[in-house]
There are 2 protein chains.
Amino acid sequence: MTPATAVDALAALAQETRLKVFRLLVTAGPVGLAAGEVGAQLGIAANTLSFHLKTLSQAGLLVARQEGRFIYYAANYASMDDLIAFLTQNCCNGVACLPKTSAMATTAKRRKNSLKEYA
Amino acid sequence: MTPATAVDALAALAQETRLKVFRLLVTAGPVGLAAGEVGAQLGIAANTLSFHLKTLSQAGLLVARQEGRFIYYAANYASMDDLIAFLTQNCCNGVACLPKTSAMATTAKRRKNSLKEYA
DNA sequence: ATAATGCTTCAACACTTCTGGAAATAACGA
DNA sequence: TCGTTATTTCCAGAAGTGTTGAAGCATTAT
């Protein structure tokens with residue numbers, strides 16, 4: 001992750017509507033949601049939503065796939081991970097400065113839930 | 001962390017100069033660096049730097065303390081942690097979607113290094 | 001006192017971003 | 001084919017952001 005890429009991603013998230021959209025898609029899982037569904041759930045006009053989805057996609061935070069007339073958007077977990085790694089790089093020299101972050105996805109949790117759940 | 005707080009923090013980080021400053025202070029540890037030192041290391045004019053330090057501080061990402069003529073700025077690890085927790089909340093239902101993030105600060109690492117290192 | 005140092009504030013300008021209406025494109029159904 | 005649905009693009013105006021030079025405060029040194 002380059003500084004420029006990180007700035008793009010952060011700028012994309014630094015807007016109320018886009019942050020709502022992103023968080024909705026983060027909880028929605030890898031399958032994602034159709035654009036219209038996102039708009040309906042959050043009460044956003046189609047053209048405005050399209051603008052914000054484009055911004056998030058260009059920043060690499062969302063991936064889009066077409067299915068018939070619908071376009072599904074899903075969170076790009078890998079780039080979110082890269083962004084967080086970039087922000088916390090060399091933080092505190094390994095001391096426990098980020099308790100919530102480290103608790104969030106422990107090795108134990110990872111072992112308990114397999115990726116196949118989404119297959 | 002409220003959505004508004006998160007947007008403020010993300011907006012503060014979504015700027016090349018500020019991101020550089022923040023990352024420098026993240027690696028600098030809890031003691032922080034004097035404003036002038038930050039400016040010297042990154043090559044930023046005093047007035048410009050002051051503007052950006054203020055933005056980062058108001059967003060809660062930095063804490064400032066005066067020491068004589070110098071003002072030391074340090075990363076606020078707690079708010080960075082809150083921000084990451086906010087972004088990744090309910091992500092992927094516990095599946096291993098953020099490998100780097102979870103590897104970043106494991107329980108093992110936390111035990112190995114005590115907070116007293118900075119006392 | 002006076003000067004020097006460290007940092008901040010102010011005002012002005014160029015530049016970018018967000019929003020909303022209207023029109024365009026694309027896929028499907030009758 | 002024609003209409004409907006899903007989504008995007010274009011445009012213009014309003015609002016916000018970053019940079020610069022000059023001036024202003026505090027704190028320390030002479």
### Query
With ILVMFWY side chains joined below 4.5 Å, transitively, what does B/F70's cluster contain besides itself?
B/Y72
### Check: B/R65 and B/Y73 side chains under 4.5 Å, non-hydrogen atoms
no
### Query
Atom CD1 of B/I71 to atom P of D/dT28: distance rounded to whole Å?
12 Å
### Query
For B/E16 and D/dT19, what is the distance between atoms CD and C1' respectively, to the nearest whole Å?
14 Å
### Partners passing side-chain hydrogen bond (donor to acceptor under 3.5 Å, both in side chains) against A/D82 (at least two apart in sequence or in another chain)
B/K100
### Query
Between C/dC7 atom C1' and B/L33 atom CG, what is the distance in whole Å?
15 Å
### Query
Hey, does B/Y72 reach any base, or is it just sugar-phosphate, or nothing, if we go heavy atoms under 4.0 Å?
nothing
### Query
Which letter, B, S or -, goes with each nucleotide of nucleotides 20-29 of chain C from 5' to 3', with contact meaning a protein heavy atom under 4.0 Å?
BBB----BB-
### Query
Which is it for B/T101 and B/T88 under the side chain to side chain contact (heavy atoms under 4.5 Å, CB included) test, yes or no, and what are the steps along the way?
CA-CA 10 Å; B/T101 300; B/T88 57; 5.6 Å; no
### Query
Shortest non-hydrogen contact from A/L33 to A/Q41?
CD2-NE2, 3.8 Å
### Query
Under the 6.0 Å and 45° cation-pi test, does A/R23 pair with B/F86?
yes
### Message
Test question: given the 4.5 Å side-chain rule for I, L, V, M, F, W and Y, name all other residues clustered with A/F51, or answer none.
### Response
none
### Query
Does B/V63 offer a backbone N or O that forms a donor-acceptor pair with the side chain of B/N76 under 3.5 Å?
no
Contacts under 3.5 Å, N or O only, protein and nucleotides 16-18 of chain C:
| unit_1 | atom_1 | unit_2 | atom_2 | d |
| --- | --- | --- | --- | --- |
| C/dC18 | OP1 | A/R18 | NH2 | 2.7 |
| C/dC18 | OP2 | A/R18 | NH1 | 3.4 |

## Note on the structure
Rounded to whole Å, CZ of A/F70 lies from C1' of D/dT4 at a distance of 12 Å
## Note on the structure
Taken to the nearest whole Å, CG/B/L53 to P/C/dT8 is 6 Å
### Summary
A/L49 atom CG is separated from D/dT9 atom C1', nearest whole Å, by 14 Å
Distance-only criterion, 3.5 Å: show the donor-acceptor pairs between side-chain atoms of residues 5-17 of chain A and protein atoms not counting sequence neighbours.
| unit_1 | atom_1 | unit_2 | atom_2 | d |
| --- | --- | --- | --- | --- |
| A/T5 | OG1 | A/T2 | OG1 | 2.7 |
| A/Q15 | OE1 | A/T17 | N | 3.0 |
| A/Q15 | OE1 | A/R18 | N | 3.2 |

### Task
With heavy atoms under 4.0 Å as the rule, sort A/A35 into base, sugar-phosphate or nothing.
sugar-phosphate
### Query
Within this structure, what is the CZ-to-P distance between A/R65 and D/dT7, rounded to whole angstrom?
12 Å
### Query
Counting only side-chain N and O atoms of A/Y73, is one of them less than 4.0 Å from OP1 or OP2 of D/dA6?
no
### Task
Can you tell me the distance, in whole Å, between the CG atom of A/L62 and the P atom of D/dT8?
11 Å
